[in-house]
Amino acid sequence: MGLTNHSLDAFFEQVLFRVFGLESIIKEYQFISGGCINNAVRLDTKNGDFFLKWNESTPEEMFEKEAMGLELLRQSNKIAVPEPIAFGTCQGKSYLLMEYLPTHRQCADYWTLFGRQLAGLHGMSSDTFGLEYSNYIGKLPQRNTECDDWVEFFIEHRLEVQLGLAMYNGHIDSAYAKRFRRLYDVLPGELPEEAPALLHGDLWSGNMMPGHEGLPTIFDPAVYYGSREMELAFTRLFGGFDQSFYTAYHEAFPLSQGFTDRVDLYNLYPLLVHVNLFGGSYLSGIDRTLRRYL
């Protein structure tokens, strides 16, 4: 049964009271569409505008990890990210409160600037692949156990985790998994070695927008240090990025030769994630890659 307007009002007011410790008069609120997992609303209050997202059925720590990821991206000072304000639980619901950033018309050189800024973000490096804490992609746990080798990390902490979950959920059988794992012997000869790069981790057209002054703004991260080619491949999976974005990125931080040929390999991970989130219809894209390499 859904929440009534009265219970929503009480929930919003209680969250604001917990965060600010004073009565926050809500002048109005507007539900925000576009997310597949969480509820979201813009709160127009006497203390300013805020963006609140919440969920009753996800792990309590999910929004905490998202806030940590947002803060890590903000600290890089390379690209605009909404400021996380508070997270917690209230009335049986996990929530994350952030600053509200309205969408504006894209600035004149939006895609060129976005490409350069993402290249700058990827210039932020670490000694290992992974992260000191695990987090989530969508509502699925994302294991970030630190590792010195990218291919090993990609296999053990990205592909294998999601493959096992797909078996557990009944989307694939053991024969399919066995065939998929044959690909692991191919990967070391296909994926280049590069330094770990700070990644947004879930960068597609639904997780970016023109924010203040029409500047590129990213949100809903699943951060970790990984191959920057992984991020660029994901931007191609569902479309929405202008070619000038890729041109500007390559000029600022050139990719290794043959990147386009490796895109399908990297996108096995987000496709497996989508299988586990939304069902077996996404297996067709995985099948095409397996046929190509096996």
| Phe63-Tyr95 aromatic ring centre distance below 6.0 Å | no
| note | So the side-chain hydrogen bond (donor to acceptor under 3.5 Å, both in side chains) pairs with at least one residue in residues 79-91 (sequence neighbours excluded) are none
| query | What are the two closest heavy atoms between Arg262 and Pro192, and how far apart are they? | reply | NE-CD, 3.4 Å
| Shared hydrophobic cluster for Leu283 and Val161 (ILVMFWY, side-chain gaps under 4.5 Å) | no
| said: For a 4.5 angstrom cut-off between non-hydrogen side-chain atoms, does Asp44 reach Ile26? | reply: no
| Is the distance between the ring centroids of Tyr225 and Trp150 under 6.0 Å? | no
| message | Between Arg181 and Glu160, does the salt bridge (Lys or Arg N to Asp or Glu O under 4.0 Å) criterion hold? Intermediate values first, please. | response | CA-CA 8 Å; Arg181 290 182 175 121; Glu160 187 64 19; 2.7 Å; yes
Taking distance alone, no hydrogens or angles, what donor-acceptor pairs closer than 3.5 Å link side-chain atoms of residues 240-247 to residues at least two apart or in another chain?
residue: Asp242; atom: OD2; partner: Ser244; partner atom: N; Å: 2.9
residue: Asp242; atom: OD2; partner: Ser244; partner atom: OG; Å: 2.6
residue: Tyr246; atom: OH; partner: Thr235; partner atom: O; Å: 3.4
residue: Tyr246; atom: OH; partner: Thr235; partner atom: OG1; Å: 2.8
residue: Thr247; atom: OG1; partner: Gln243; partner atom: O; Å: 3.2

| field | Contact check, side chains of Val81 and Thr217, non-hydrogen atoms, under 4.5 Å | value | no
| So which heavy atom on Gly214 is nearest to which on Tyr110, and how close? | O-CD1, 3.2 Å
| said: Determine whether the aromatic ring centres of residues Tyr224 and His157 are separated by less than 6.0 angstrom. | reply: no
| Between CH2 of Trp204 and CG of Leu237, what distance do you get to the nearest 0.5 Å? | 10.0 Å
| query | Is there side-chain contact between Trp54 and Val41, with heavy atoms separated by less than 4.5 Å? | reply | yes
| note | CG of Leu271 to CZ of Arg288, rounded to nearest 0.5 Å, is 8.0 Å
| query | Are Leu294 and Phe180 connected, step by step, through hydrophobic side chains (Ile, Leu, Val, Met, Phe, Trp, Tyr) whose heavy atoms are closer than 4.5 Å? | reply | yes
| remark: Which of Glu66, Gln142, Lys65 passes side chain to side chain donor-acceptor pair (under 3.5 Å) with Asn135? It is Gln142
| task | Following the transitive rule for hydrophobic clusters with a side-chain heavy-atom cut-off under 4.5 Å over Ile, Leu, Val, Met, Phe, Trp and Tyr, establish whether Phe219 and Tyr136 coincide in one cluster. | result | no
| Would one find more than 12 heavy atoms of other residues, nucleotides or ligands at under 6.0 Å from atom NZ of Lys178? | no
| query | Does one side chain, of Tyr249 or Arg228, offer a donor that lies under 3.5 Å from an acceptor on the other? | reply | yes
| Should we say atom NE2 of His104 is surrounded by more than 12 heavy atoms from elsewhere, each under 6.0 Å from it? | yes
| message | Within the structure provided, determine whether Arg292 and Asp261 are in side-chain contact (heavy-atom separation under 4.5 Å). | response | yes
| request: Calculate, to the nearest 0.5 Å, the distance between atoms CG and CZ belonging to Leu16 and Phe11 respectively. | output: 9.5 Å
| Exercise: identify the closest heavy-atom pair between Thr45 and Lys27 | O-CE, 3.7 Å
| Quick one: is the NZ or CZ of Arg42 closer than 6.0 Å to the six-membered ring centre of Phe51, and within 45° of its axis? | no
| task | Could you tell me whether the side chain of Phe253 reaches within less than 4.5 Å of the side chain of Arg116, counting heavy atoms only? | result | no
| note | Note: Gln162 and Asn276 closest approach over all heavy atoms is OE1-ND2, 2.8 Å
| field | Residue pair Met167, Tyr176: steps toward the side chain to side chain contact (heavy atoms under 4.5 Å, CB included) verdict | value | CA-CA 9 Å; Met167 286 184 63; Tyr176 190 100; over 6 Å; no
| query | Taking the side chain as C-beta and beyond, is there a heavy-atom pair between Leu70 and Pro221 under 4.5 Å? | reply | yes
| said: Membership question, hydrophobic clusters at under 4.5 Å side-chain separation (ILVMFWY): are Leu73 and Met209 in the same one? | reply: no
| query | For Leu215, which fellow cluster members are found when Ile, Leu, Val, Met, Phe, Trp and Tyr are connected by side-chain heavy-atom distances below 4.5 angstrom, either directly or through intermediates? | reply | Leu113
| field | Face-on cation placement of Arg158 at Phe153 ring, 6.0 Å and 45° thresholds | value | no
| query | Side chains of Asn207 and Ile218: does their closest heavy-atom pair fall under 4.5 Å? | reply | no
| remark: By ring pair (Phe, Tyr, Trp, His ring centres under 6.0 Å), His171 pairs with (sequence neighbours left out) none
| Over all atoms of both residues, closest heavy-atom pair of Ile172 and Ala177 | CD1-CB, 4.2 Å
| message | Would the distance check show the side chain of Ser125 and the main-chain N or O of Pro196 forming a donor-acceptor pair, the cut-off being under 3.5 Å? | response | yes
| Parallel, tilted or perpendicular: rings of His274 and Phe238 (30°, 60°) | tilted
| remark: When every non-hydrogen atom of Ala119 is compared with those of Ala252, the smallest separation belongs to CB-CB, 3.8 Å
| said: Tell me whether the count of non-hydrogen atoms from other residues, nucleotides or ligands lying under 6.0 Å of CG in Asp109 goes above 12. | reply: yes
| Between atom OH of Tyr168 and atom CG of Leu163, what is the distance when rounded to the nearest 0.5 Å? | 15.5 Å
| field | Audit row: Ser57, Asn55, side chain to side chain contact (heavy atoms under 4.5 Å, CB included) steps and yes/no | value | CA-CA 6 Å; Ser57 59; Asn55 201 302; 3.0 Å; yes
| message | Under the rule for side chain to side chain contact (heavy atoms under 4.5 Å, CB included), what residues qualify as partners of Glu190, not counting sequence neighbours? | response | Val186, Leu265, Tyr293
| Val223 and Leu131, any side-chain heavy atoms less than 4.5 Å apart | yes
| message | So, using ring pair (Phe, Tyr, Trp, His ring centres under 6.0 Å) as the criterion, who are the partners of Phe20 when residues are at least two apart? | response | Phe50
| said: Hydrophobic cluster membership, with links at side-chain heavy-atom distances under 4.5 Å among I/L/V/M/F/W/Y: are Leu277 and Ile286 in one? | reply: yes
| For Arg179 and Asp173, what are the C-alpha separation, side-chain angles and deciding distance, and is it a salt bridge (Lys or Arg N to Asp or Glu O under 4.0 Å)? | CA-CA 10 Å; Arg179 179 169 174 254; Asp173 57 21; over 6 Å; no
| query | For residues Tyr29 and Asp9, is any side-chain donor paired with an opposing acceptor at under 3.5 Å? | reply | yes
| said: Checking Ile79 against Arg74 for the side chain to side chain contact (heavy atoms under 4.5 Å, CB included) test, could you report, in this order, the C-alpha distance in whole Å, the side-chain angles of both residues, the deciding distance, and whether it holds? | reply: CA-CA 7 Å; Ile79 189 168; Arg74 279 174 52 82; over 6 Å; no
| request: Check the pair Ile137, Tyr269 against side chain to side chain contact (heavy atoms under 4.5 Å, CB included), reporting the backbone distance first and the verdict last. | output: CA-CA 11 Å; Ile137 182 164; Tyr269 175 59; 3.5 Å; yes
| said: Just verifying a value: how many Å separate Leu183 CG and Ile155 CD1, rounded to the nearest 0.5 Å? | reply: 8.0 Å
| Testing Glu231, Glu229, His200 for side chain to side chain donor-acceptor pair (under 3.5 Å) with His122, which one passes? | Glu231
| From CE (Met62) to CG (Leu96), nearest 0.5 Å | 9.0 Å
